[in-house]
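Scroll down for the structure; my scribbles are underneath it.
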4 protein chains.
Amino acid sequence: MPKPRVRRMPREVRERQMIDAAVRVFARCGYSAASMDEIAELAGASKPLIYLYLHSKEDLFGTCIRREAAALLGAVRSAVEPHAPADRRLWDGLRAFFAHTAAHPEGWAVLSCRARTHGEPFDRVVAELREEIVEVVVRLIEEAAEDAVGGAAAGRAPLNGREVTGLAHALVGAAESLAGWANGPAGAVPSAKETAETLMNVAWVGLENLVSGRRWEAAASKAGVVSSG
Amino acid sequence: MPKPRVRRMPREVRERQMIDAAVRVFARCGYSAASMDEIAELAGASKPLIYLYLHSKEDLFGTCIRREAAALLGAVRSAVEPHAPADRRLWDGLRAFFAHTAAHPEGWAVLSCRARTHGEPFDRVVAELREEIVEVVVRLIEEAAEDAVGGAAAGRAPLNGREVTGLAHALVGAAESLAGWANGPAGAVPSAKETAETLMNVAWVGLENLVSGRRWEAAASKAGVVSSG
Amino acid sequence: MPKPRVRRMPREVRERQMIDAAVRVFARCGYSAASMDEIAELAGASKPLIYLYLHSKEDLFGTCIRREAAALLGAVRSAVEPHAPADRRLWDGLRAFFAHTAAHPEGWAVLSCRARTHGEPFDRVVAELREEIVEVVVRLIEEAAEDAVGGAAAGRAPLNGREVTGLAHALVGAAESLAGWANGPAGAVPSAKETAETLMNVAWVGLENLVSGRRWEAAASKAGVVSSG
Amino acid sequence: MPKPRVRRMPREVRERQMIDAAVRVFARCGYSAASMDEIAELAGASKPLIYLYLHSKEDLFGTCIRREAAALLGAVRSAVEPHAPADRRLWDGLRAFFAHTAAHPEGWAVLSCRARTHGEPFDRVVAELREEIVEVVVRLIEEAAEDAVGGAAAGRAPLNGREVTGLAHALVGAAESLAGWANGPAGAVPSAKETAETLMNVAWVGLENLVSGRRWEAAASKAGVVSSG
DNA sequence: CATGAATGAGGGTTCATTCAT
DNA sequence: TATGAATGAACCCTCATTCAT
């Protein structure tokens, strides 16, 4: 009697165990290298049961991705007050993002890396999640730009659409990178708050300057001169 | 002689063809899902020859990663003049980075995504590449900070080590994200120069403010107030 | 109570439903490809109940075969009056056979095809059914031969045992083939009566000639000459 | 060293061995119950090699069916002289049919039973083979009818189209049944010539009577009276 | 140098069957 | 009586890898 597996659990519980196990294994190995045997063993269930409940490896992977994506998005959304000022919302969102990814490193690994390795329709789910976040950031930036333009001398239209989207992608990428760094193997990992502060400092301050028209100009690169519109 | 495949090529050429093919297939499918058959076919060589030259699938993958990493690092390095001012060096490096990733999307896909999916020792190679780039950026930031501190009122040491590393990670992540965006399926992809400008604007200007002591403060988040040291 | 399945039916009824469902599935897929899940679903019962009543897939298959064989044999037997003349009995039997197989195509499919696919002991059951029918036909032929011999000039014993058995097999095979044809997908399927007439015409008339000694002779095959004993 | 498998054979030979083995296993077990492992073992090759050459279980089955169907049809065709009289052609065809099925019982088992168990597109192949044979028989009957009508008093049109087709199906079914009987387990199996004679006697003589207008009539079934047109 | 021939090992999936309730 | 929960075993198929030529 090597393993007195707990038997006869209600379906919901078993299913959760299976998905938990799957997220772990997918995070560790990626989609193709993950084996259903390993997932089954980690879940404490037999393979046929997994297939009965989750139907196939692809379905299981999709379920994992959707669950983790929803959890992450939910964590960020519920941390943001819709009527707070833009910077506050960014700040709260970033903190929630870093806190959640730090608390669920496996889920984050699946979303940030594993899901993109396996084409359609998984990369699309992740791409949609990312796009959704980018949209939010785009609105944040636009709002910040309006504030700046409204509050200060509004002489020029400082940001076109593509530039804003680019900025949003940069910000999201920076956040992803920092999340990966914070989850890294290094002993001295920063807290979610510290991470969020670092990013907030460089991004928000840079953003304010940007929307107020200050640019870096390649031509004037003798000593890092900044042109002020 | 049923197949008029070109025979008897010098080893070097054959090897290059094989690695080229492997990079493509690994980029498309990821490590585990890539099949040696497919690589062999794309390379126009027989499988035993691949094994003779490249020894194993893992070895082949490692060779791909190292080659692409070296190419990317070389492109960035050779674009930077060592004695140029910090901002110029960052600017040139970013442009080279975006140009290279746009010109070699498959190589970049292998480095940015595929290699991280397959644990030890491949993720280490990629992590080392990343660390090397982060180091460069760290030095850039430190230098910029010294300039700022030296050139302006030097009252405080505004950045500790971990913060600098975090900034560097954020910058690198932003660059990676932008590279992915620029390679994306959207029709209106920006040029390498545009991409670099976007990033440079937000990063460098933010950086300058940062090293001169201006911070975003959570407490004052009524209207995005920025405290000036 | 999520499923309003009719519960608590008397065992006999349930069992009949199960066997009905099994016959359909076996007819459609054959023994091996049929799945107990499908049978259970079609029967509107749970799998454990099926196992409780019918014990195993093989038992269930055997039960199906025996039920269908008995039904077919019963239909044929009850259509034949024991004291009618030989040709009348054959005629009535054939009509009943074609009527029954047309009315129960699934049962006929199981008997004629599916059962022979799965060795011992199922092919034996079917072989026994067939043997039983062949026996009947053999007696019919012998009786017809006696009539002919008795009624006409009885110069020779024209049919040996093996030839009679062969004739019976031919007749049964022809009937089976016609049953399959009549059940086929062609739009203009003949009625049982027509089918029986066709067969009766060629068989009985041929038989009469045969027992009266007329043969086809290979040697005289210039124009299909028939030798008359 | 349990089995010093002969290695390194040319592909053609191996492929033939595989198909031979597959025909045997399919004949014994049917499509679904046959296992590729068993086929591989019987073929003296490993499973991957089978898949390399024959692609899939379905493909392998199709290959078997087509090969056996072509062999049977070829045997029958090459035994029939196109310009011989109708009865001679039927006689020669039947003899060849019985000889071939007796010599290749496994192929015949696959064609006559196994192939019909597995839906589209295999049953279609077999159905086409059968239809082809039925067509030939239909033409034979029509020709015989013309001969008879031309040679004798041509007062009536004795056979309509559907009746002819029905007769052909009956004849083919009888032949199939006799082939099965001749391959049966009984010790005293008849030779192909005997079998052909039995069928020829009942069929051809019956046919001649039929086309000359003699019918069995249900109404007159007192003593097997035959009406002569 | 180059390859057609060949396989051990393992992966995803399904099935008949049985407990525990 | 009736069933949701659970599984050992087997099946089809593929892959990285290696001889023998």
Side-chain angles (χ1 to χ4, degrees), chain A residues 5-11 13-15 32-40 44-60, chain B residues 1-3 5-11 14 32-40 44-53 55-60, chain C residues 2-3 5-11 14 32-40 45-53 55-58 60, chain D residues 5-11 13-15 32-40 44-58 60:
Chain A
R5 250 183 212 172
V6 181
R7 291 159 178 271
R8 298 266 140 193
M9 330 184 33
R11 170 167 179 158
V13 179
R14 261 281 142 90
E15 225 170 275
S32 327
S35 110
M36 293 298 270
D37 280 281
E38 201 178 343
I39 293 173
S46 67
K47 265 195 302 177
L49 204 56
I50 295 192
Y51 279 89
L52 186 63
Y53 290 165
L54 281 323
H55 311 114
S56 79
K57 195 188 186 183
E58 289 219 325
D59 271 22
L60 176 55
Chain B
M1 58 201 79
K3 253 190 228 166
R5 242 185 219 170
V6 181
R7 291 154 180 268
R8 301 262 159 193
M9 324 180 45
R11 168 163 180 162
R14 263 280 145 91
S32 322
S35 106
M36 294 295 273
D37 280 283
E38 201 178 345
I39 293 173
S46 70
K47 269 193 301 177
L49 203 56
I50 293 191
Y51 278 87
L52 185 64
Y53 288 167
H55 315 306
S56 80
K57 194 187 186 184
E58 291 220 323
D59 272 21
L60 176 54
Chain C
K3 254 191 227 165
R5 242 185 220 172
V6 181
R7 291 154 179 269
R8 302 264 159 192
M9 325 179 47
R11 168 162 179 163
R14 262 280 144 92
S32 323
S35 106
M36 294 296 273
D37 279 283
E38 200 178 344
I39 294 174
S46 70
K47 268 194 299 177
L49 203 57
I50 293 192
Y51 278 86
L52 186 64
Y53 288 167
H55 315 307
S56 81
K57 194 185 185 185
E58 292 220 323
L60 175 55
Chain D
R5 251 182 212 175
V6 181
R7 292 158 177 271
R8 297 269 141 193
M9 332 184 30
R11 170 167 179 159
V13 180
R14 262 281 143 89
E15 224 170 276
S32 326
S35 110
M36 294 297 271
D37 281 280
E38 199 179 343
I39 293 174
S46 67
K47 263 194 306 177
L49 204 56
I50 295 193
Y51 280 90
L52 185 63
Y53 290 165
L54 282 321
H55 312 114
S56 79
K57 195 187 186 183
E58 289 220 325
L60 175 55

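Note that these values count all heavy atoms, side chains included, but never hydrogens, waters or copies made by symmetry. Numbered from 1 within each chain, the chains take letters A, B, ... in sequence-line order.
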Shortest side-chain distance from [X], nucleotide among [options]:
X	options	value
D:Arg8	E:dA5, E:dT3, F:dT18	E:dA5
B:Pro48	F:dC11, E:dG8, F:dT18	F:dT18
B:Tyr51	F:dT17, F:dA6, E:dA2	F:dT17
A:Lys57	E:dT7, E:dA16, E:dG12	E:dG12
B:Ser35	E:dA16, F:dC15, F:dT3	F:dC15
D:Ser56	F:dC13, F:dA2, F:dC12	F:dC13

For this session: Taking B:Lys57 for its side chain and B:Ser35 for its backbone only, find out whether a donor-acceptor pair lies under 3.5 Å.
Result: no
Seminar exercise, completed: Closest heavy-atom pair, D:Arg14 versus D:Gly44, reported as atoms and distance to 0.1 Å, is NH2-O, 3.4 Å
For this session: Could you state the atom-to-atom distance from CG of A:Leu60 to P of E:dT13 in whole Å?
Result: 10 Å
Problem set entry | B:Leu52 CG to F:dA16 C1', straight-line distance once rounded to whole Å | 16 Å
Exercise. Do D:Met36 and D:Leu60 come within less than 4.5 Å of each other through their side chains, counting heavy atoms only?
Worked result: yes
Seminar exercise, completed: The salt bridge (Lys or Arg N to Asp or Glu O under 4.0 Å) partners of B:Lys47 (sequence neighbours excluded) come to B:Asp37
Problem set entry | Assigned partner base of E:dA16, Watson-Crick or wobble definition, under 3.5 Å | F:dT7
For this session: By nearest nucleotide on DNA chain E, pick out whichever of A:Asp37 and C:Met36 is the more 5' one.
Result: A:Asp37
Exercise. Hey, does D:Arg11 reach any base, or is it just sugar-phosphate, or nothing, if we go heavy atoms under 4.0 Å?
Worked result: sugar-phosphate
Seminar exercise, completed: When D:His55 and C:Tyr53 are each assigned the nearest nucleotide of DNA chain F, the 5'-most assignment goes to C:Tyr53
Problem set entry | Under 3.5 Å donor-acceptor pair, A:Lys47 side-chain atoms to F:dT7 base atoms | no
